[in-house]
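Chain naming here is simple, since letters A, B, ... match the order of the sequence lines and numbering starts at 1 in each.
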Amino acid sequence: MKKVATRFAPSPTGPLHIGGIRTALFNWLYAKNKQGDFYLRIEDTDRERSKIEYKDQIIKSLKWIGINYKGEEYIQSKKIEDHIKVANELLKNGQAYNCYCSSEEIEDQKKRARQKKIPYIYDRKWRDKGEEDAPKDIKPVIRFKSKIDGKSILKDLVQGDIEIDNNTIEDFVILRNDGTPTYNLSASVDDHLMKMTHIIRGDDHKINTFKQIQIYQAMKWEVPSFAHIPLIHTIEGKKLSKRDKASTLDDYSKIGIMPDALRNYLLRLGWSFKDKEIFTLEESIKHFNLEGIGKSPSKLDMSRILSMNEHYIKNIDENDLFNQLTDYCKLYKNEIKSEKKEKIKNSLTFLKNKAKTLEDIFNNGQYIITDDVNFNQSDVKLIDDKAKKVISDFNNKFRNVEKLSKETLEPIVNELIKSNDTNFKGVGQPLRIALTGSKFGPGIYDIIISLGKDEVIKRLTNKKLN
RNA sequence: GGUCCCUUCGUCUAUCGGUUAGGACACAUGGUUUUCAUCCAUGAAAGAGGGGUUCGAUUCCCCUAGGGACCGCCA
């Protein structure tokens, strides 16, 4: 058996969206599962639109989610000479030909076909014409001599056998009249040069595959296996594009979605393994296969991403969570001061309790991180005279507490409930607002213990409460 | 318009001819927690429609409907 080799081949013409990430993930997992190699190829031959920052974003995104590729990234534009060489060889072998139609001529034909509502296909005008008829003033393009008769079958590893009439594939351009190669040529040559065994990509490439296979055959190259995975759709049911909001990785990382959670979500989007929902990285490598990929497109579901993230927040090692949290804050919020970090770390067990994202944890821990209590304006209105009395009563008793724990604090609260003729809420809520600025948050004892005695007293006597 | 693909709860999906059609998310209800959340339990929720094939179809075949992708000298 040949060693499996797969690749992810994005073009750096826009930010990579999570559909692309999923394609990369599937390729990577397939290679890992087969103990093969996974490569990254940057298809930057569109000089106009390719941008270095998009290339960097692609590399960063893959790294973020934990996909590593073998060697350096393969830069397609550096291989153009190889592509041209193949075009010329096809020309020499009679598998391709010079076409002297001007682009205006072609455009005109297309327009007319559209008006008549008949399908446009290049009329193969120059397929059998001799060079002696060639106009001197037009630089030709090279077109591939596509099969005209019969049918072709693509044995797709996901979609099954797909059969089309060969005459629906036109004689496509492989070399432009400026001498640069087009996508189908470049992709085939590169995949061959890179010794790809399996091409796993979005099913928007299906038609290209029929073209590319013909190039392989014409060059007598071994044809790789193909697997076309269904696209990810938006809620509206359309192909996910770079313009869709919440489509890039950064959109997710900035709200505090963790890489492992998104990886797990993406894995299960369009792929399944029995009823299993949660996959560690090792498990996903172990179980991934092409048979588990469904044939129908799937929609992105934010609530599922969130709940997956919540699962990871609650279940991963707390040190790991803490590290991810501090990295997250450094990147997207304010870096947590080192003296606060210890408090956050000790409080993570309850801070993470009501969090779906790292941002939620950050918000829950806000009262620890910032020195000045940030009062929620509508909550602070709940501090009436009765509440003020509860706060000052609590403070008077609290001053005498030696050791902060639920056991030492609870009697005080219970006493206040009685003496103020109220319930737990009547005591807990004013205290929480005084200490954190909000009526929502962790349990009151957790808050007090996490702040420490001095800080609690300081906040209970905050002038802003009056 | 042409070619190709798809169709199970709202969403992601299981089922490889015989199931009370299962799970997860979301949703609803109840319980625990002397607030909120967590957690636990319970519930509602699906085979697009019509024909075949078969003792038996969600599953195989055909038609219809709906949806999608592609149709560049972009990738």
Student: Round to a whole Å and report the spacing from CZ of A/R143 to C1' of B/G72.
Tutor: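 About 10 Å, once rounded to whole Å.
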
Student: Could you check whether A/N208 gets within reach of a base, just the sugar-phosphate, or nothing at all, counting any heavy atom under 4.0 Å?
Tutor: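 Base contact.
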
Student: Output yes when A/K55 and A/D44 qualify as a salt bridge under the 4.0 Å nitrogen-oxygen rule, no when they do not.
Tutor: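 Salt bridge flag = no for A/D44 with A/K55.
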
Student: Can you check the distance between B/G72 and B/U53, where both ends of the measurement are the P atom (answer in whole Å)?
Tutor: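 It comes out at 44 Å once rounded to the nearest Å.
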
Student: Identify the nucleotide, in any strand shown, that forms a Watson-Crick or G-U wobble pair with B/A41, with both distances under 3.5 Å; if there is none, say none.
Tutor: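 Checking every strand shown, B/A41 finds its partner in B/U29, with both distances under 3.5 Å.
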
Student: Suppose we call two aromatic rings close when their centres sit under 6.0 Å apart. Are A/H205 and A/Y183 close by that rule?
Tutor: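 Yes, close enough.
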
Student: Reckon A/Q76 touches a base, only the sugar-phosphate, or nothing at all at heavy-atom distances under 4.0 Å?
Tutor: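 The answer is sugar-phosphate, as A/Q76 gets under 4.0 Å only of primed atoms, P, OP1 or OP2.
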
Student: Nearest whole Å is fine: how far is B/A75 P from A/N184 CG?
Tutor: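 Going from A/N184 (CG) to B/A75 (P), I get 9 Å.
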
Student: A/K276 near the nucleic acid: base, sugar-phosphate alone, or nothing, with a heavy-atom cut-off under 4.0 Å?
Tutor: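 Answer is nothing: A/K276 stays at 4.0 Å or more from every strand.
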
Student: Could you tell me whether A/D46 contacts a base, only the sugar-phosphate backbone, or nothing, with contacts defined as non-hydrogen atoms closer than 4.0 Å?
Tutor: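 Touches sugar-phosphate only.
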
Student: Would you kindly give the CD1-to-P distance between A/I121 and B/C70, to the nearest whole Å?
Tutor: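 Rounding to the nearest Å, CD1 of A/I121 and P of B/C70 are 18 Å apart.
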
Student: Students often get this wrong, so: under 4.0 angstrom with heavy atoms, is A/G237 touching a base, only sugar-phosphate, or nothing?
Tutor: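 The answer is sugar-phosphate, as A/G237 gets under 4.0 Å only of primed atoms, P, OP1 or OP2.
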
Student: My understanding is that only residues two or more places apart in sequence, or in another chain, count here; which of them pass side chain to side chain donor-acceptor pair (under 3.5 Å) with A/Y69?
Tutor: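 A/E73.
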
Student: From the options A/K125, A/K145, A/K211, A/R127, select the one residue that forms a salt bridge (charged side-chain N to carboxylate O under 4.0 Å, His left out) with A/D171.
Tutor: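 For A/D171, the salt bridge (charged side-chain N to carboxylate O under 4.0 Å, His left out) check succeeds only for A/R127.
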
Student: Using atom C1' of each nucleotide, how far apart are B/A75 and B/A57 to the nearest Å?
Tutor: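 Between the two C1' atoms, the distance is 44 Å.
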
Student: If we take the P atom in both B/U33 and B/A14, what is their distance in whole Å?
Tutor: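 Taking atom P in both B/U33 and B/A14, they lie 41 Å apart.
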
Student: Using the C1' atom on both, measure B/U32 against B/C25 and round to a whole Å.
Tutor: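 Those two atoms are separated by 23 Å.
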
Student: What interatomic distance, in whole Å, is found between P of B/A28 and the corresponding atom of B/C63?
Tutor: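 It works out to 44 Å between them.
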
Student: When we call it a touch if two heavy atoms are under 4.0 Å apart, what does A/S186 touch: a base, just sugar-phosphate, or nothing?
Tutor: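 No contact at all - A/S186 keeps every heavy atom at 4.0 Å or more from the nucleic acid.
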
Student: Just the rounded figure in Å: distance from P of B/U3 to CG of A/N166.
Tutor: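 Taking CG of A/N166 and P of B/U3, I get 15 Å after rounding.
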
Student: Is there a donor in the side chain of A/S438 and an acceptor in the side chain of A/Y367, or the other way round, less than 3.5 Å apart?
Tutor: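 No.
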
Student: Quick one: A/H311 NE2 to B/C39 P, roughly how many Å, whole number?
Tutor: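 After rounding, the gap between these two atoms is 11 Å.
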
Student: Nearest whole Å is fine: how far is B/U3 P from A/I207 CD1?
Tutor: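 One finds 11 Å between P of B/U3 and CD1 of A/I207, rounded.
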
Student: When the P atoms of B/U59 and B/U8 are considered, how many whole Å apart are they?
Tutor: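 12 Å, rounded to whole Å.
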
Student: Touch check for A/H233, heavy atoms < 4.0 angstrom, all strands: base, sugar-phosphate only, or nothing?
Tutor: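 Contact class for A/H233: sugar-phosphate only.
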
Student: Hey, which of these two, A/N414 or A/K206, hits RNA chain B nearer its 5' end, going by closest nucleotide?
Tutor: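 Result: A/K206.
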
Student: Using the P atom as the point on both nucleotides, what is the distance between B/G18 and B/C39, in whole Å?
Tutor: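 37 Å, rounded to whole Å.
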
Student: Under a 3.5 Å cut-off for both contacts, is B/A46 paired Watson-Crick or G-U wobble with anything, and if yes, with which nucleotide?
Tutor: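 Because no pair has both required distances under 3.5 Å, B/A46 counts as unpaired.
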
Student: Between B/G51 and B/U58, how far apart are the P atoms? Round to whole Å, please.
Tutor: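 It comes out at 13 Å once rounded to the nearest Å.
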
Student: If you check every side-chain atom of A/T45, which of B/G2, B/A75, B/U34 has the closest atom?
Tutor: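 Of the options given, the side chain of A/T45 lies nearest B/A75.
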
Student: In whole angstrom, what separates A/K239's NZ from B/G67's C1'?
Tutor: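 A/K239 atom NZ is separated from B/G67 atom C1' by 16 Å.
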
Student: I want to confirm an ordering. Mapping A/S102 and A/Y445 to their closest nucleotides on RNA chain B, which one lands closer to the 5' end?
Tutor: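 Looking at the nearest nucleotide for each, A/Y445 comes out on the 5' side.
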
Student: I'd like to know whether the aromatic ring centres of A/W126 and A/Y100 sit less than 6.0 Å apart in this structure.
Tutor: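 Ring-ring flag for A/W126/A/Y100: true, centres closer than 6.0 Å.
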
Student: Tell me, yes or no, whether the heavy-atom count around A/D384 atom CG, taken from other residues, nucleotides or ligands under 6.0 Å, exceeds 12.
Tutor: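 Yes, enclosed.
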
Student: Mark yes or no: A/R143 above the aromatic ring of A/Y122, with NZ or CZ under 6.0 Å from the six-membered ring centre and no more than 45 degrees from the axis.
Tutor: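 Positive - A/R143 is close enough to the ring of A/Y122 and near enough to its axis.
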
Student: Taking any strand in view, what nucleotide pairs with B/U11 in a Watson-Crick or G-U wobble way, both distances under 3.5 Å?
Tutor: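 Checking every strand shown, B/U11 finds its partner in B/A24, with both distances under 3.5 Å.
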
Student: Looking at A/E415 and A/K418, does any basic side-chain N land under 4.0 Å from a carboxylate oxygen?
Tutor: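 Looking at A/E415 and A/K418, the cut-off is not met.
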
Student: A/R432 has an atom CZ; how far is it from atom P of B/A37, in whole Å?
Tutor: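 A/R432 atom CZ is separated from B/A37 atom P by 11 Å.
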
Student: Which part of the nucleic acid does A/E291 contact within heavy-atom distance under 4.0 Å: base, sugar-phosphate only, or nothing?
Tutor: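 The answer is nothing, as A/E291 stays clear of every strand by at least 4.0 Å.
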
Student: When you check the phosphate oxygens OP1 and OP2 of B/C73, does a side-chain N or O of A/K110 lie under 4.0 Å from one of them?
Tutor: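 Answer is yes, contact under 4.0 Å.
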
Student: With the sugar-phosphate defined as primed atoms, P, OP1 and OP2, and the base as all remaining atoms, what B/S/- string results for nucleotides 7-13 of chain B, 5' to 3', for protein heavy atoms under 4.0 Å?
Tutor: S---SBS

Student: Quick one: which of B/A75, B/A69, B/U35 gets closest to the side chain of A/L231?
Tutor: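 Out of B/A75, B/A69, B/U35, the nucleotide with an atom closest to A/L231's side chain is B/A69.
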
Student: Do A/K79 and A/D190 meet the salt-bridge criterion of a basic N to acidic O distance under 4.0 Å?
Tutor: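 Looking at A/D190 and A/K79, the cut-off is not met.
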
